[in-house]
Amino acid sequence: MLDIDVAACRGRQQRLLNVMHQHQVDLVIVTMIEHVQYLVGPRFGWMFQPAVALAADGRVTLVAPERRLPEVHAADELIGYEAQWHSTLRNDQRHESTQILQDVLEMSRVRRLGYEFSCFTSYFSWEGLGFDIEPYLWQLRRRKDPDELARLRMAIRGTDRMYQKAREMIRPGVNEIDVFNELQSAAVREFGEPLTGTGNDYRCGARGGPPRDRPAQAGELYILDLGPAYRGYFADNARTIAVTSPTDSQCQAFEYCQQVLQHVQQVVRPGKSARELFQEAQEILDASPVGAFNHHLGHGIGLFPHESPHLNPNWDDTFEEGDVFTAEPGLYDPQLEAGIRVEDDYVVTQSGVEKLSHCPRELKL
């Protein structure tokens, strides 16, 4: 399930075809690397400019770097373009890949073209109407297929290994840079290959941010919010670890965050309002005698670190079966040096949720 699943890609193409037929779209072209992977399987590096065309009759064309042509893919036609000249990456790759794609497509028959309005290339020209396919692709991506869920589970396993290493290392005096380096290494060893993405928070005594050349201090809390990506799919979960024995205030704030996660597991199911869940979490955390909760409660994860559903008062999403999301209650105050955040990953099932992250939550080492 960790390799390219051609049948799953074909299923995703069919769901997109249903959208095309509903809106009378003759052809869809996608150029975002995430959407290319979603529809045909291979993941290309950020320095390349592939493209995929899906016609209303179901035929799929993939234009890809000729030195990176995949052996396994879910396209009917695979065409290479010169991404490099004498091993030097070209800066005009988008022009080249677009020209090749336009040459093989019968654009005279295209009355309505679907594309990603946020990034579509101006090198492509046709006479007809444009249709923004991007919001529909984001919606389709909410439903994680088994091959996607398998990669997400592997990414989350990487965080389990990272937190295990963190608990071995965190002591007064440990340098944030050293913790960051060792945690990246732990994830690479778990995956058996390089990460395709990484990020989030590696600071001690702070709400978040990248690691600094700074030692951890006694009494501080170390917030680690880890987001390694395995073959394009991002994990995202957080643990807070006390550098030394936690104070009563720190333990109390931690328990309020625990209450929110328990509430999430009890109430989330298909049809539950994500905005309503945020408000319920806010009420729980507002009752804490120390600390303020002043960020989102969570978000979907997948081929991008933040996807739908949004557990955020600025959106009004509803949980759907197949959603994979995070819940990350937090409380912050100088008295806490500097705060607590605990985050788990879940998949929405027919009757509730399944928790995907299983590393210990304990505040103490």
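Count residues from 1 along the sequence. Keep in mind it's a predicted model, so treat the numbers as computed, not measured.
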Is the distance from the ring center of Y136 to that of F131 below 6.0 Å?
yes
Might you point out which heavy atoms bring A253 and L331 nearest each other, and give the distance in Å?
O-CD1, 3.6 Å
Using a distance-only test with no angle check, is there a side-chain donor-acceptor pair under 3.5 angstrom linking Q22 and N18?
no
Any side-chain heavy-atom pair from N312 and H299 closer than 4.5 angstrom?
no
Please report the shortest heavy-atom distance between A53 and L101, naming the atom on each side.
CB-CD1, 4.0 Å
Plane angle bin for F293 and H295 - parallel if under 30°, tilted between 30 and 60°, otherwise perpendicular
perpendicular
Does any pair with a residue in residues 219-261 pass ring-ring contact (aromatic ring centres under 6.0 Å, His included), and if so which ones, sequence neighbours excluded?
F191-Y230
Please report the shortest heavy-atom distance between A338 and R207, naming the atom on each side.
CB-N, 4.4 Å
Check whether any side-chain heavy atom of L105 sits under 4.5 Å from a side-chain heavy atom of V110, and report yes or no.
no
Could you pull out the closest heavy-atom pair between V72 and P42, with the gap in Å?
O-CG, 3.7 Å
Under a 3.5 Å cutoff, is there a donor and acceptor pairing between the side chains of D344 and S357?
yes
How far does CG of L17 sit from CG of D57, to the nearest 0.5 angstrom?
8.5 Å
Apply the test side-chain contact (heavy atoms from CB on, under 4.5 Å) to residues K165 and M162: give CA-CA distance (whole Å), side-chain angles for both, the deciding distance (0.1 Å), then the verdict.
CA-CA 5 Å; K165 172 58 69 172; M162 294 167 85; 5.8 Å; no
Looking only at side chains, do Q335 and S249 share a donor and an acceptor under 3.5 Å apart?
yes
With a 4.0 Å cut-off, would you call R143 and E320 a salt bridge?
no
Between R231 and L2 (side chain of the first, backbone of the second, donor and acceptor by atom type, cut-off under 3.5 Å), is there such a pair?
yes
Any chance the rings of F48 and Y81 have centres within less than 6.0 Å?
no
Quick one: do E280 and S273 satisfy side-chain contact (heavy atoms from CB on, under 4.5 Å)? Show the steps, please.
CA-CA 11 Å; E280 292 164 357; S273 165; over 6 Å; no
Would you say H296 and E328 are linked by a side-chain donor-acceptor pair, where the criterion is simply a distance under 3.5 Å?
yes
May I ask you to decide if the ring planes of W315 and H310 are parallel, tilted or perpendicular, using 30° and 60° as cut-offs?
parallel
Chi angles and distances behind the side-chain contact (heavy atoms from CB on, under 4.5 Å) call for R151, K144:
CA-CA 10 Å; R151 294 181 185 185; K144 300 302 189 290; over 6 Å; no
Run T240 and Q250 through side-chain contact (heavy atoms from CB on, under 4.5 Å) and show every step you take.
CA-CA 10 Å; T240 301; Q250 291 170 342; over 6 Å; no
Are side-chain heavy atoms of L277 and H263 found at a separation under 4.5 Å?
yes
Distance-only donor-acceptor check, side chains T326 and D236, under 3.5 Å:
no
